[in-house]
Amino acid sequence: MAATQEKTKKNYLTAIREALDEEMERNPDMICLGEDIGLLGGAFGVTEGLMSKFGTHRVYDMPISEAAIVGVGVGACLNGKTVMAEMQFIDFISCGFDQIVNNLATYHYRTAGEVAMPMVIRGPAGGYGGGALYHSQMNEAWFAHSPGIKVVCPSTPFDAKGLMKAALRDKNPVLYFELKQLYRWSAIDEVLPDEDYEVPIGKAAIRREGRDVTIITYGQNVYHCLDAAKKLEEDNIDAEVIDLRSLVPLDEAAIVQSLQKTSRAIVVNEAPRTCGFAGEIVARISETAFQYLDAPVLRVTRMDTPVPWAHSLERYVLPSVEKIAEAARSVCRF
Amino acid sequence: MSSPPTKTTKNKTTKTAPSRPRDHLSPEDHLEILKQLYLARYFDVRLIKEKRRGRLTGTLYSSHNQEAILVGTLFPLKPSDWISPIHRDMPAFFLKDMRSGWENPDRMGMSIEEVCAQVWCKVGSPGRARDNWSHIGSRAKHIIHSTSMLAGTIPVAAGVVLADRLNGGDAVVLTYNGEGSTAQGVFHEAINFAAVHKLPVITIVENNQWAFGTPLELGCPTPDVATRADGYGIPGLIADGQDVFDVYDKVMEAIEWARAGKGPSIIECKTFRAYGHGDHDDDRAAKYRPQDEVEKGRSRDPIAVCKRYLVERGYLSNADALAFAAENKGAQEAKDDDFPPDVVAYMKKGVDYAIASPSPPAEEGGMWVFSD
């Protein structure tokens, strides 16, 4: 016990950096591409130390050219490399959209399996930080909708490191959404294992067990949902919180298993409502778990708006603990 | 090329020219180049006829009148070099590394059987008929697979040679583009990056004056596309796209420049699109392009230009030059007798194979989304 307490707890950002560092060490064919990731160490410091340790031939400060970052990565993968490509903010990924959805994602398919694309595209995502329209997006649905890309979104330091390792060892393109509000949030710091480990892509985690309603979520909304679950205790509602961790592939079994117990569900996600990933989860539940349901499945999402700047506006459009709790009460009352 | 940006103008073919790359080619090489021009033309002619008979699906983007660019750019390459052809470059897939032997199964280019199976949409295609026409490639043969998004393979090409350099290789990569592609944002992003890192990326621009229905002057503010190179501090060369040896010389210069570690270059090959953008556009193209412009653009058939040079240099007798008369003939006019018999036989092997190859099994449509 004493030994564990002496170990340093690490934050979410450090967990990602350790995964990158250890994989660069382990895999001499891995290179990193991104804006300001070398000399500066990344806008948030995720890649700090990588260039001085591994050199300018493995860590590239790229021009402000997202399409080239992805396209060059595709070419490097074609010629035997593993690539980590950073989007300085995940919002900027739209500038590289064609290269991702038409080139990277389809490469394996159109070559009938001749070519694999071991590339991880990662970047800071999410709202709740006053980042306004172009530094707050959660655009995972665009890519979940593009066959050939895996999509992951860790919510804890342990998962951040383990999922990054799994992603960098996967032969497929993986989009890795990291939440910038979690980077240095000390409340979630944790001791990470000394030994090498992976968190498997495609496996959800139960963050809180409960009998009355299943709250399905991922990313930083996990913490809003846990707070809502606490609030719901006052109403004698015992909520279960599922953190999906991976969207593609999706752990349907974990969702169905939970619904067999609770018979009620809400889905929480900070992306816009229409055609968001929350809608996909509701559709899957309808197809595979309808018989277990005692109430319609509700969504708590961002309104169908961009993410505005002023705190009052941002709070208004994004999911909140209150909105989540109210939705849970509503399905329990049904 | 001494220092960038260097720009040369059209080379006049003169006997007194100083030693040019072509002067190091053997007489056999010269004749092989002519043979490859015939092959590229025959491939296109045959496909146009097959398409008209309704035997092919999809769109045919004819390379008629632009064959000198394909042969002249591919002939200088080493087997290990990379290429990324696009829609109008279908013959490039089998012309690559043909110098290692047309029938050599180990050569770093596709067989005519593979290319024809792709055109016929059959399972014998290297891509198992998953994407159409020119959207094939081969990592093993160093051919990059393109998409329909133009200029989209230039960053990929840059990434390929970046990795090659890290692996200790000395490969160069040729990317093929129309003049219309040079207006794409990714064209700039990729060449900018390649120039920063002095990567051996040679951007071939087949300037055939028409980007589908849009003339050059509405897509490019300068009369020469090659001057786009000035902004990157790299050489921008202009080649006579009808003259296979001028293309060869310019590409050889760019290859030497690139292999010496001096970086990328752009080579604009001036040519003219013989037919519509695709075969679906033939009728409309006859209306949106002035007839005299078309006649002028097609007046210097690359086969005729090559033959004239070979005769002048004494590599080809007048009698041999007259033996096959494919030049200056439209696809419908040209007959098998207008081509050397080995060219016709080579294509026949490909067509026979393609026709015999089955369609892909339906369930393959759901396969290979992810790698296991």
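Order of the sequence lines fixes the chain letters, A, B, ..., with proteins taken first and strands second; residue numbering starts at 1 for each chain.
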Largest heavy-atom contact set with chain B, pairs under 4.5 Å, which of [options]:
| options | value |
| --- | --- |
| A:Ser65, A:Ala112, A:Pro118 | A:Ala112 |
| A:Ile69, A:Asp29, A:Ile149, A:Ile31 | A:Ile149 |
| A:His108, A:Lys171, A:Arg58 | A:His108 |
| A:Val74, A:Val70, A:Asn102 | A:Asn102 |
| A:Gly113, A:Ala67, A:Cys95, A:Gly75 | A:Gly75 |

Quick check: do [X] and [Y] have side-chain heavy atoms less than 4.5 Å from each other?
| X | Y | result |
| --- | --- | --- |
| A:Asn103 | B:Val156 | yes |
| B:Val186 | A:Asp98 | no |
| A:His57 | B:Leu166 | yes |
| A:Gln99 | B:Pro155 | yes |
| A:Val248 | B:Phe370 | yes |
| B:Trp82 | A:Leu78 | yes |
| A:Arg110 | B:His145 | yes |

Measuring heavy-atom distances to chain A, does [X] have an atom under 4.5 Å in its side chain, in its backbone, in both, or in neither?
| X | value |
| --- | --- |
| B:Ala194 | neither |
| B:Asn192 | side chain |
| B:Ser84 | neither |

Hey, which of [options] has the most heavy atom pairs under 4.5 Å with chain A?
| options | answer |
| --- | --- |
| B:Asp131, B:Ile144, B:Leu199 | B:Ile144 |
| B:Gly159, B:Ser125, B:Gly137, B:Ser148 | B:Gly159 |
| B:Asn167, B:Ile154, B:Val161 | B:Asn167 |

Are there more than 12 heavy atoms of other residues, nucleotides or ligands under 6.0 Å from atom [atom1] of [X]?
| X | atom1 | value |
| --- | --- | --- |
| A:Leu133 | CG | yes |
| A:Glu22 | CD | yes |
| B:His280 | NE2 | yes |
| A:Tyr197 | OH | yes |

Chain B contact via A:Pro63 - which portion, at a heavy-atom distance below 4.5 Å: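 The side chain, not the backbone.
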- request: Could you tell me whether the side chain of B:Glu189 and the main chain of A:Gly71 form a donor-acceptor pair under 3.5 Å?
  value: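 Looks like no, no N/O pair under 3.5 Å.
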Over all atoms of both residues, closest heavy-atom pair of B:Ala163 and A:Asn79: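 Nearest heavy atoms, B:Ala163 then A:Asn79: CB-CB, 3.7 Å.
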- request: Kindly give the heavy-atom pair with the smallest separation between B:Ser371 and A:Asn172, and that separation in Å.
  value: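 Closest approach of B:Ser371 to A:Asn172, heavy atoms only: N-OD1, 2.6 Å.
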Nearest 0.5 Å, please: how far is [atom2] in [Y] from [atom1] in [X]?
| X | Y | atom1 | atom2 | value |
| --- | --- | --- | --- | --- |
| A:Lys81 | B:Leu162 | NZ | CG | 8.5 Å |
| A:Tyr109 | B:Glu364 | OH | CD | 9.5 Å |
| B:Arg139 | A:Cys77 | CZ | SG | 9.5 Å |
| B:His197 | A:Met62 | NE2 | CE | 6.5 Å |

